[in-house]
Amino acid sequence: MQVERYSVKLDSFEGPLDLLLHLIQQAEVDIYDIPVAKITEQYMTYIHTMQELELDVASEYLVMASTLLAIKSQMLLPKQDVWADEDWELEDWGEEDPREELVAQLETYLQYKEIASELRERHVKRSHLFTKPPSRINTESKENMEHTTDIEASLSDLLQAYQHVYQRLRFERPHTATVETQRWTVESKMETITTLVLERKQAVPFLELYKKGQINEQVTTFMALLQLVKDGSVICKQEKNFADIYIEPRGDVEYE
Amino acid sequence: MNEDIDLILETLLYVSGDEGLEVRRAAEAVGIDKSRVITELERIASQYEEEGRALSVQQFGESFKMVTRAEFSEYVERYASPPQRGTLSQAALETLAIVAYEQPVTRLDVEEIRGVKVDRAMTTLVGKGLVEESGRAKGVGRAILYKTTPRFLDVFNLSSLDDLPTINDNEQTEQMDLFMSSYREQHE
Amino acid sequence: MNEDIDLILETLLYVSGDEGLEVRRAAEAVGIDKSRVITELERIASQYEEEGRALSVQQFGESFKMVTRAEFSEYVERYASPPQRGTLSQAALETLAIVAYEQPVTRLDVEEIRGVKVDRAMTTLVGKGLVEESGRAKGVGRAILYKTTPRFLDVFNLSSLDDLPTINDNEQTEQMDLFMSSYREQHE
């Protein structure tokens, strides 16, 4: 039960600072007066749970764990060892508070989290404002046609132009031509794939189905493949994670 | 909502741009009769006229378009293609970038990616010796294929096409995102 | 001609659509100062606002766009089914927030603030054209510096970087309230 609850939550943390903030909030304490011993203990529980679940514990989490342990032990040290001439209490470390740096870090991070959520809201708001594609303009041969030897454009101009095109494609072009985008159907792509697999008489690399082309077409291809796998018409094989995927016809299909 | 119908139709006129607002689809989107859409659009058109607005609304058969006024066309042209020495226009650069990465490629392919006509830009690029024809595509129509020229490599200081930087490392994931969202759409 | 400047700029706003009207190019095309272009566009924007027009004019850095009003977005979606804009992960958003405030900034600086590696998030942001390289830091290693792009302003509905929410003073209570509420939202 315990483990399950953690496993759901672990994903939602953006790193050790995020996890710490969560623990501090849960403990209902002040960010400026962290009960280090308690929080450290809970933090370690999380880390152990992660490890038990065989999740990769990013090194940052471990670094933070050692920072916490260092602070904890510093705070437990008898005062005369470190701050021999000062009166201190746990609640009043003054400038020498070993937590100071961590608190400052948490504070800064917290501010940026807040800004990130504001950005998210603005993003949503912006997504409700629409525009149109630029108008086609019939310029009377304004663009000079002569064979100029000097062309003032750099590779970076070219790259930016390319990115620009694809960003526009991904983000901003209204799909007014919904009908046209149906140039490829899942059914026709299913047929293409089965034909290819049967003709080839050997496993076809997954990537071969993609090559160049429109994203729409690639997505359609992928859906067709999924459908074929679901129907049991083909089998996909992959040796290990991220290795190439090969598509084969099923054993009972005619295949030499 | 009744009183906003004109504003909504103006909004739709704007977003449909060059394609024009189809009366039938507009009627469906707004939830009113086709005839009502036409009346409203005609009213908007004459209102634009009377108020001397920058744009005008014109009817073309079953669709209406927001268009610019002829008297300002010289500014539009000047904005669209500013006088240049040697530099490539944005349209030409974008077209060139697509040809460079996708070659050999037909004009239609490029137009699909850019979302606008590229005939003029392509002519410019051929004229400047950056792009050349490279045979015909298979299939119906046998469209002309385009590729970059050796001069292209020269101008952009590339020793070969392999030198073109790879871009969009996260293309793969993004395509997956796209796939997932469209898959969800279809299956939910 | 003088009195037509607003009409010409409106025309250019219309034709440039989602590319946005670039102030510099508009100034050249119309033959007036950049500052004059900005003043006029701002005037047009507030006029649209006051008159309750269907469209609105928004500034995003050095460009202006004619956009539809949020309240009519459902009709646009019904008419044209525009693609959903990709959402950004929390990691990307946090990274972006830091770049926006600290720019120009190195990857390492961002990592120090977030307490985690940000290379993937940064690659995503560069790939989406929200962040770009901006030279190298001085000193050993000469790490790449990053800054936000003009596009960032557009995507997050900001007219300029000054529009970014101000960073809170270190008011303890405020911080705590903020902290508690943002956590409740996220984790409950």
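Quantities reported herein were computed from a predicted structural model and do not represent experimental measurements. Chain A is the first sequence line, chain B the second, and so forth, proteins listed ahead of strands; every chain is numbered from 1.
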* Asked: Given C:Gln90 and C:Glu94, is the side chain to side chain donor-acceptor pair (under 3.5 Å) satisfied, shown in steps?
  -> CA-CA 6 Å; C:Gln90 181 67 15; C:Glu94 288 182 11; 2.8 Å; yes
* Without hydrogens or angle criteria, can the side chains of A:Arg99 and A:Gln74 be said to hold a donor-acceptor pair below 3.5 Å? -> no
* Hey, does the side chain of A:Tyr61 reach the backbone of A:Gly15 with a donor-acceptor pair shorter than 3.5 angstrom? -> yes
* To do: Under 4.5 Å, heavy atom to heavy atom: which of residues 46-57 of chain C reach chain A? Give them by number, or say none.
  => none
* After noting the C-alpha distance and the side-chain angles of C:Glu77 and A:Phe130, does the key distance pass the side-chain contact (heavy atoms from CB on, under 4.5 Å) rule? -> CA-CA 9 Å; C:Glu77 279 156 15; A:Phe130 298 102; 3.5 Å; yes
* Do the charged groups of C:Lys65 and C:Glu19 touch, with an N to O distance under 4.0 Å? -> no
* Select, from C:Gly17, C:Ala100, C:Ala97, C:Ser89, the one with the greatest count of heavy-atom pairs under 4.5 Å involving chain A. => C:Ala97
* Determine whether the side chains of C:Ser159 and C:Gln58 contain a donor N or O and an acceptor N or O closer than 3.5 Å. => no
* **chain A contact via C:Val15 - side chain, backbone, both or neither, heavy atoms under 4.5 Å** => both
* Structure fact -> Looking only at C:Val76, C:Leu88, C:Thr95, the option with the highest number of non-hydrogen pairs under 4.5 Å against chain A is C:Val76
* Asked: Which residues, numbered in order, of residues 109-117 of chain C come under 4.5 angstrom of chain A by heavy-atom distance?
  -> C:Glu112, C:Ile113, C:Arg114, C:Gly115, C:Val116, C:Lys117
* Parallel under 30°, tilted from 30 to 60°, perpendicular over 60°: which one fits the rings of A:His22 and A:Phe13? -> tilted
* Is the count of non-hydrogen atoms from other residues, nucleotides or ligands lying under 6.0 Å from C:Glu74 atom CD greater than 12? -> yes
* Asked: Any chance the side chains of C:Glu102 and A:Tyr112 put a donor and an acceptor closer than 3.5 Å?
  -> yes
* Asked: Between C:Glu40 and C:Arg43, is there a side-chain N and carboxylate O pair less than 4.0 Å apart?
  -> yes
* Using non-hydrogen atoms only, which part of C:Phe72 is less than 4.5 Å away from chain A: side chain, backbone, both, or neither? -> neither
* Establish, from distance only, whether the side-chain atoms of A:Gln105 and A:Glu101 form a donor-acceptor pair under 3.5 Å. => no
